[in-house]
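Keep in mind that this is a model prediction, so the values were computed, not measured. Quick note: numbers below take in every heavy atom, side chains included, and nothing from hydrogens, waters or symmetry partners. Throughout, protein chains are lettered first and strands after them, A, B, ... in sequence-line order, and every chain is numbered starting at 1.
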Number of protein chains: 2
Amino acid sequence: MTRVLVVDDEPQIARALRINLAARGYDVLVAHTGRSALDLAADNRPDLVLLDLGLPDLDGVDVITGLRGWNPVPIIVLSAGTDSTRKVAALDAGADDYVTKPFGMDELLARLRAALRRSTHLPGGEPVVEAEAFTVDLTAKRVHRDGAEVHLTPTEWGILEILVRNPGHLIAQRRLLTEVWGPTYTAETHYLRVYLAQLRRKLERDPAHPRHLITEPGMGYRFQP
Amino acid sequence: MTRVLVVDDEPQIARALRINLAARGYDVLVAHTGRSALDLAADNRPDLVLLDLGLPDLDGVDVITGLRGWNPVPIIVLSAGTDSTRKVAALDAGADDYVTKPFGMDELLARLRAALRRSTHLPGGEPVVEAEAFTVDLTAKRVHRDGAEVHLTPTEWGILEILVRNPGHLIAQRRLLTEVWGPTYTAETHYLRVYLAQLRRKLERDPAHPRHLITEPGMGYRFQP
DNA sequence: GCCGGGCCTGACGCCGTCTTGACGACGCCA
DNA sequence: TGGCGTCGTCAAGACGGCGTCAGGCCCGGC
């Protein structure tokens, strides 16, 4: 059955979408925040994502890039705004379509069918990411280092998960802080230094010269597979 | 080069599309009727079709099915009507996207990029800008020179990103300064000279005679792909 | 109540980056 | 031809970010 993840913080809209989609035979998951959307997507591997941009916790474009880093799932953006630059940003970040509210349900369903039709349903990336020295299982939330399991604290996992889901991509300090600690934490770069050091001590063969958890001074961090 | 087939019977709209697309580096073909569109598509194998539904000879949906029968090329429909059933019919016939007039050119270009990204680069395309001597990955924030990765400082990256996102266009010194250093920096052109020299040293084969990072004396700088 | 893990905070030294200044080359114009 | 402004280059110092370590706080388990 085709599984659709609906991300919207307004309960009545989420409810209307859920009912309409379920009536058409789709299997529907609902998330009300960006963070839970990323978690649900990792755990349930939906076939399509319907994403409202006005989320309370994360910026919608960050949700798109967070999904796109590891998952080619089609994304249809719903938004109340008619702001053209926002449309362009969302589409260039990896969204497949952009529908402005209010929209007709018929049209939305047609766009959904179109998006599903061209998603060739390639097997998709495995939920386990490998580096030379360690492996990360994103669905089981487990990390192994040289065969043995490594225990990570929730904060350590939060950071590592974001980096690993965007392999090779630079993640800004600000994004790590807002996604792990919350939207109000934008300046506490010291936290990142401490936790990156801990992660490197647990995962890297030579923590003083990391090969996978790379610092880009002044900009952010990068996971190098 | 990416080839786009524009199908529109209104000459001024077809002309505007042709000019805008050609300015972005696309190879543009134009058809004014449905029949000539099908012929041109068969002969030239375009990478994308921009299709107006109000054609004089054939119904737009028939053009879509006529193309889809043998060709998986992405189709973006342009239409003046807001008729919902027409949208649904076009999308279900095989169109990939549906844009109602009047539309912003920025948005159309973004939808066009999204459609091309899906068709060519299934595992989530990466907008990589290429020059003869180096490549710039805008989403991963990485730069390679002759295969090897080049490390850029935040300021260097800020300047290069603006130039590369506007290939071929002259960027005023004032704009570079205000976007990289802040709104109060408008006279420190010396900074630009220092950092452009650094960028050229890192990226150009012959830094004394740059081929891609060009100075326009008294005005600004330009990235030449 | 005791203990331990997880999180936050502060201090310190190091190193890369930014800023600033000086100088020569070049083109333009009087 | 001389003056002027812009540009490119180099070097040196100031500055701030980074990694590291250690200590204190909070909270849940025993």
Residue pairs passing the ring pair (Phe, Tyr, Trp, His ring centres under 6.0 Å) test with at least one member in residues 202-225 of chain B, sequence neighbours excluded, are B:F134-B:H212
Contact check, residues 157-166 of chain B vs DNA chain D, heavy-atom distance under 4.0 Å, returns none
Answer yes or no: are there more than 12 heavy-atom neighbours, outside A:R142 itself, under 6.0 Å from its atom CZ? no
Rounded to whole Å, CG of A:L177 lies from C1' of C:dC7 at a distance of 14 Å
Separation of C:dT19 atom C1' from B:E188 atom CD, nearest Å, is 10 Å
- Query: Does a donor on one side chain sit under 3.5 Å from an acceptor on the other, for A:T178 and A:Y185?
  - Reply: no
The ring-ring contact (aromatic ring centres under 6.0 Å, His included) partners of B:Y191 (sequence neighbours excluded) come to B:W181
A:R222 side chain vs B:A140 backbone, donor-acceptor pair below 3.5 Å: yes
Looking only at C:dT17, C:dG6, C:dT20, the nucleotide nearest the A:H151 side chain is C:dG6
Item checked: Distance-only polar pair, side chains of A:R24 and A:T2, donor-acceptor under 3.5 Å -> no
For nucleotides 24-30 of chain C, give me every protein contact, N/O to N/O, under 3.5 Å, one pair per line with atom names.
none

The bend of the helix from C:dG1-D:dC30 to C:dA30-D:dT1, taken between the axes of its five terminal pairs at each end and rounded to 10°, is 30°
Reading nucleotides 8-30 of chain D from 5' to 3' and marking B where a protein heavy atom lies under 4.0 Å of the base, S where only the sugar-phosphate is that close, and - otherwise, the string is BB-------SBBB----------
- Should A:W181 be listed as having a side-chain N or O under 4.0 Å from OP1 or OP2 of C:dC7? no
Query raised in the report: Has B:M219 got more than 12 heavy atoms of other residues, nucleotides or ligands less than 6.0 Å from its CE?
Result: no
Respond yes when some side-chain nitrogen or oxygen of A:Y191 is under 4.0 Å from OP1 or OP2 of C:dC8, and no when none is.
no
Residues A:R175 and A:T186: side-chain donor-acceptor under 3.5 angstrom:
no
message = For A:R174, I'd like to know if atom CZ has over 12 heavy atoms of other residues, nucleotides or ligands within 6.0 Å.
response = no
Whole-Å distance, A:Q198 CD to C:dT9 C1', equals 13 Å
With A:E179 as partner, the option from A:V63, A:D62, A:I171 fulfilling side chain to side chain contact (heavy atoms under 4.5 Å, CB included) is A:D62
Worksheet item: Hey, does the side chain of A:T153 come within less than 4.0 Å of C:dC7's phosphate (OP1/OP2), counting only N and O?
Response: yes
Shortest non-hydrogen pair, A:H32 vs A:A14, comes out as CE1-CB, 4.2 Å
Notebook entry, point to check: Does A:D97 come within less than 4.0 Å of B:R111, counting only side-chain N to carboxylate O?
Noted result: yes
Q. With distance as the sole criterion, is a donor-acceptor pair present between the side chains of A:T135 and A:D137 under 3.5 Å?
A. no
